[in-house]
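First listed ligand is number 1; within each ligand, the first listed atom is number 1. All values derive from a computational prediction rather than experimental measurement. FYI, side chains are in, hydrogens and waters are out, and symmetry mates aren't considered; it's all heavy atoms of this structure.
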Amino acid sequence: MTEPSVFTRILRGEIPAEILSETENVFVIRDIAPQAPLHLLVIPKTAEYRDVTELAAGDPALLAEMVAVAKDAAAEHGSGDFRLVFNTGSGAGQTVFHVHAHVLGGDLAEGSLGG
Ligand code: 5GP
């Protein structure tokens with residue numbers, strides 16, 4: 001068995017974090033190191049999928065549920081407009097290999113991906 005991910009440990013209550021909302025399959029927390037005025041993480045409760053490519057292939061309905069939850073969370077905690085980011089692979093900045101979506105909102109800096 002591999003070590004449980006930080007997100008599994010949060011879900012178990014072993015690492016403190018406020019769960020902002022949840023469904024049967026997905027939960028939402030604030031990122032501990034926000035990169036935008038609004039920075040939430042939408043995380044499947046299962047740790048089965050390491051990244052979004054595995055999730056899309058293995059359970060596209062769960063990926064769609066993550067997008068729907070991201071939309072609702074961005075509306076509840078921000079303006080409703082948001083950027084959805086899945087870092088995929090360590091070379092792209094992924095550090096936790098339990099798939100999760102970054103929901104970024106607020107006054108986002110202009111950069112190569114937006115603005
Ligand atoms: P990644 O780099 O894998 O795309 O994203 C992992 C994210 O998880 C990072 O933005 C990091 O700040 C966040 N993170 C890591 N550990 C914790 C934690 O214990 N609590 C919370 N709320 N976020 C965490």
Side-chain angles (χ1 to χ4, degrees):
M1 284 292 290
T2 53
E3 291 282 304
S5 75
V6 63
F7 299 143
T8 295
R9 297 190 64 207
I10 286 171
L11 193 58
R12 291 176 180 169
E14 295 170 2
I15 294 173
E18 181 188 358
I19 295 182
L20 299 178
S21 60
E22 63 182 315
T23 67
E24 186 183 345
N25 302 309
V26 174
F27 66 106
V28 180
I29 59 174
R30 290 189 190 278
D31 198 291
I32 202 169
Q35 306 293 313
L38 180 71
H39 189 168
L40 307 177
L41 298 172
V42 177
I43 308 164
K45 292 181 179 177
T46 177
E48 186 176 347
Y49 305 104
R50 287 169 53 85
D51 62 42
V52 70
T53 68
E54 287 191 4
L55 177 62
D59 192 344
L62 181 55
L63 175 57
E65 185 174 344
M66 288 176 70
V67 175
V69 168
K71 177 187 175 188
D72 290 347
E76 184 177 349
H77 300 284
S79 70
D81 291 343
F82 63 98
R83 198 173 287 175
L84 196 61
V85 173
F86 291 88
N87 294 329
T88 306
S90 55
Q94 187 175 5
T95 58
V96 179
F97 291 85
H98 171 160
V99 64
H100 54 280
H102 296 260
V103 179
L104 304 169
D107 197 11
L108 296 171
E110 293 191 10
S112 59
L113 294 177

Quiz item: Going hydrophobic residue to hydrophobic residue with side-chain gaps under 4.5 angstrom, can you get from Leu63 over to Phe82?
Solution: yes
Exercise. Among Val28, Asn25, Val103, find the one that has a side-chain contact (heavy atoms from CB on, under 4.5 Å) with Val69.
Key: Val28
Quiz item: What do you reckon, are the aromatic ring centroids of His100 and His102 less than 6.0 Å apart?
Solution: yes
Quiz prompt | Euclidean distance, Phe97 CZ relative to Thr2 OG1, rounded to 0.5 Å | solution = 12.5 Å
Quick check on ligand 1: any N or O pairs to the protein under 3.5 Å? One line per pair.
unit_1   : atom_1 : unit_2 : atom_2 : d
ligand 1 : 2 (O)  : Gly93  : O      : 2.9
ligand 1 : 2 (O)  : Thr95  : N      : 3.3
ligand 1 : 2 (O)  : Thr95  : OG1    : 2.9
ligand 1 : 3 (O)  : Thr95  : N      : 2.7
ligand 1 : 3 (O)  : Thr95  : OG1    : 3.2
ligand 1 : 3 (O)  : Val96  : N      : 2.9
ligand 1 : 3 (O)  : His100 : NE2    : 3.1
ligand 1 : 4 (O)  : Asn87  : ND2    : 2.8
ligand 1 : 4 (O)  : His100 : NE2    : 3.1
ligand 1 : 4 (O)  : His102 : NE2    : 2.8
ligand 1 : 5 (O)  : His100 : NE2    : 2.9
ligand 1 : 5 (O)  : His102 : NE2    : 3.2
ligand 1 : 10 (O) : Asp31  : OD1    : 3.2
ligand 1 : 10 (O) : Asp31  : OD2    : 2.5
ligand 1 : 12 (O) : Asp31  : OD1    : 2.5
ligand 1 : 22 (N) : Arg30  : O      : 2.8
ligand 1 : 22 (N) : Ile32  : N      : 3.4
ligand 1 : 23 (N) : Ile32  : N      : 3.3

Quiz item: So how far is it from Leu20 CG to Leu40 CG, rounded to the nearest 0.5 Å?
Solution: 6.0 Å
Quiz item: Rounded to the nearest 0.5 Å, how far apart are NZ of Lys45 and OG1 of Thr23?
Solution: 6.0 Å
